[in-house]
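Reminder, nothing fancy here: chain letters follow the sequence lines and each chain counts from 1.
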Amino acid sequence: MALLSKKDTNLITDPLADNNPITIQVLGICSALAITAELKASLVMAVSVMFVLGAGNVVISLMRNIIPSKIRIIVQLIVVATLVIIVDQVLKAFAYELSKTLAVFVGLIITNCIIMGRFEAFALANGPWRSFLDGIGNSLGYGVILIIVGFFRELLGSGTLFGIPVLGDQIEKTGLYATGYENNGFMIIPPAALIVVGIIIWVQRSRNPALVEEN
Amino acid sequence: MALKTDSNVYTVVFAAVMVVVVGSILAFLASFLSPNIKENERFEKQQNILYAMGVNENGDDAGSVNFIPTDVVENEFASYIKEQLVIQGDKITEDNEAYLIDLKKQLAAMKKGEDYKLPVFIGEKDGEKFYIVPMYGKGLWDAIWGFIALDDTMTVQGVYFDHKGETPGLGANIKMRYFMDDFKGETILDGTKYAGISVAKGNNDPLNKTKDDNEVDALAGATITGNGVSAMISETVKLYKPYLETIRVK
């Protein structure tokens, strides 16, 4: 017996391509713009969201039959906020350095619309295991876009990857800079992320015309 | 039996139970972990103060920020920091726990017109004296703070900046070495006036070769955080001016 049935596998793979949370569902755009100036920040955010969305989807799914529908959004918000605060506090006590790195992401995770979006669209109607897979799948799809955007923004904007110079030394004019190449300062400001995300959406839709909505 | 999850009574009871449960979990967790967290924060403060006066494990390359390890920081702090002073009005007293003073609370007290305390740390390294003062201000999203180490000519010997929630890759870069190292050698004086140091765009000095212009080069895409740093430094300088004037070699 396979570990995952065909349907379950799709929960993981769909968000990576034709049901990507950022490019197709258009969720989580805010954080995709805010923190993708660096590859490292993109990666940290992707991992954090994976943890919170995976765990949150399970909790919401377990509670789905007892949550009063009138206040379900508030309940979802409390669940995600509690999870994030617990993680934050535990890290502060036992892995202080790591908690400092993650501190700026805490607020961004709670307000990430992917999380509320998946709670609402999936976890409220499905069992815990499938919800967990959906959470992992969607956060992978989110993470992939974040990392692609982070890669191009850091490379073209700062000439570095993970903070390591890869195009030569800008001040000493070595490597690519010797040819007169300059970093594009525009790439590190948020509007550049919108353009990169736009290009990804364009490429994806021209490769798969089925994704294009009819007017 | 199916629950009537849409009735008003159920909704109110559910909300109340949820609040109590979540509240107790968080309260229990917070009180259980708080000794550990407090200890970590204390070590961090000591590391930050020592960092500003150049006691750190930074390599020669302009790489990442390296503090001295937490397990030795307490001893190192005691051996490098010779005096901890508290300025309260005209009174200056010695206090070995001055580094635990929360500048945020003191500044709030000052704004309300109440008495406030300002800590100063006097460090010594290789026969040189450093006067280290804490700073506190606001960036784009939330608080920023740090320490600035001065010598008796009011030349900056080192700074440390930190922030609560500046944007990663932009404002958050105030705690990168390439930004903090730029402050070294700058003076906070303009003639005999206490001017502070501005984070300036377009000062035509990206490599920061001019050290007496009271300016360092700004971070691209982080104008408001940079302005926050400028404001924080000038605020601090203003606050500590009477004390700095007594130690300055004229």
Side-chain angles (χ1 to χ4, degrees), chain A residues 31 33-42 44-45 63-72 74-75 78-79 81-83 85-86 88-97 99-108 150 153-154 157-158 163-165 170-171 183 185-190 192, chain B residues 2-15 17-19 21-23 25-26 28-41 43-44 47 62-65 67 70 141-142 162-173 175-178 206-207 219-223:
Chain A
S31 51
L33 301 191
I35 51 108
T36 49
E38 280 178 335
L39 198 48
K40 187 182 151 205
S42 308
V44 171
M45 184 70 182
M63 289 169 68
R64 69 187 186 280
N65 293 327
I66 58 164
I67 297 176
S69 57
K70 282 177 204 158
I71 56 166
R72 66 182 193 285
I74 299 173
V75 173
I78 291 174
V79 166
T82 311
L83 275 174
I85 291 169
I86 289 175
D88 184 51
Q89 292 285 310
V90 170
L91 286 179
K92 255 193 193 144
F94 300 110
Y96 197 70
E97 285 301 304
S99 84
K100 295 275 296 177
T101 324
L102 289 173
V104 292
F105 296 96
V106 169
L108 286 169
R153 284 182 72 193
E154 189 177 347
S158 318
I164 302 161
Q170 193 186 4
I171 293 158
N183 286 332
F186 174 68
M187 289 306 284
I188 62 172
I189 59 174
Chain B
L3 285 162
K4 270 188 156 174
T5 55
D6 51 355
S7 83
N8 285 342
V9 177
Y10 179 82
T11 305
V12 171
V13 170
F14 184 92
V17 171
M18 176 124 194
V19 167
V21 169
V22 169
I25 292 175
L26 291 182
F28 174 77
L29 196 74
S31 56
F32 179 69
L33 296 174
S34 95
N36 278 355
I37 296 177
K38 281 225 174 82
E39 181 104 320
N40 284 334
E41 284 171 351
F43 287 152
E44 188 197 8
Q47 284 174 322
S64 52
V65 168
F67 297 119
T70 30
W141 303 114
D142 213 318
D162 207 342
H163 62 93
K164 190 168 173 199
E166 298 309 298
T167 318
L170 301 173
N173 287 353
K175 61 183 293 190
M176 297 297 256
R177 259 187 80 188
Y178 60 78
L207 300 182
L219 295 164
T223 308

Open item on the list: Quick check for you: among B/Ile37, B/Asn40, B/Leu33, which has the greatest number of heavy-atom pairs under 4.5 Å with chain A?
Closed with: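 Option with the greatest count: B/Asn40.
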- [ ] Count the heavy-atom pairs under 4.5 Å between each of B/Glu41, B/Lys164, B/His163, B/Lys38 and chain A, then report the option with the highest count.
- [x]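 Highest number of heavy-atom pairs under 4.5 Å: B/Glu41.
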TODO: With a 4.5 Å cut-off on heavy-atom pairs, point out which of A/Ile164, A/Thr82, A/Thr36 contacts chain B the most.
DONE: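 Option with the greatest count: A/Thr82.
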Task: Residue, of A/Ala93, A/Gly157, A/Ala37, that accumulates the most heavy atom pairs under 4.5 Å with chain B - done: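 Answer, by heavy-atom pair count under 4.5 Å with chain B: A/Ala93.
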Close side-chain approach of [X] and [Y], heavy atoms under 4.5 Å:
{"X": "B/Asn173", "Y": "A/Glu38", "value": "yes"}
{"X": "B/Phe14", "Y": "A/Met63", "value": "yes"}
{"X": "A/Ile78", "Y": "B/Met18", "value": "yes"}

TODO: Can you tell which part of A/Ile67 gets under 4.5 Å to a heavy atom of chain B, answering side chain, backbone, both or neither?
DONE: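 Both backbone and side chain.
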- [ ] Identify which part of A/Val75 has an atom lying under 4.5 Å from any heavy atom of chain B, answering side chain, backbone, both or neither.
- [x]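 Contact with chain B is through both the backbone and side chain of A/Val75.
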Task: Which residues share a side-chain contact (heavy atoms from CB on, under 4.5 Å) with A/Leu39, sequence neighbours left out - done: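 By the side-chain contact (heavy atoms from CB on, under 4.5 Å) rule, A/Leu39 matches A/Ile147, A/Phe151, A/Glu154, A/Leu161, A/Phe162.
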TODO: With sequence neighbours left out, write down each residue that passes side-chain contact (heavy atoms from CB on, under 4.5 Å) with B/Ala15, or none if nothing qualifies.
DONE: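 For B/Ala15, the residues satisfying side-chain contact (heavy atoms from CB on, under 4.5 Å) (neighbours in sequence not counted) are A/Ile71.
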Task: Proximity breakdown for B/Thr167 and chain A, heavy-atom pairs closer than 4.5 Å - done: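 The answer is the side chain of B/Thr167.
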Open item on the list: I need the A/Ile85 CD1 to B/Ile25 CD1 distance, nearest 0.5 Å.
Closed with: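 So the gap between those two atoms works out to 11.5 Å.
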Open item on the list: Within this structure, what is the CD-OH distance for the pair B/Gln47 and A/Tyr96, rounded to the nearest 0.5 Å?
Closed with: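 Reported to 0.5 Å precision, the distance equals 9.0 Å.
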- [ ] Just do the side-chain contact (heavy atoms from CB on, under 4.5 Å) check on B/Leu26 and A/Ile86 with the steps written out, would you?
- [x] CA-CA 7 Å; B/Leu26 291 182; A/Ile86 289 175; 4.0 Å; yes
Open item on the list: More than 12 heavy atoms of other residues, nucleotides or ligands under 6.0 Å from CZ of B/Phe32: yes or no?
Closed with: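 Atom CZ in B/Phe32 is not packed in, count stays at 12 or less.
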Task: Donor on one side chain, acceptor on other, A/Lys70 and B/Asn8, under 3.5 Å - done: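 There is such a pair between these side chains.
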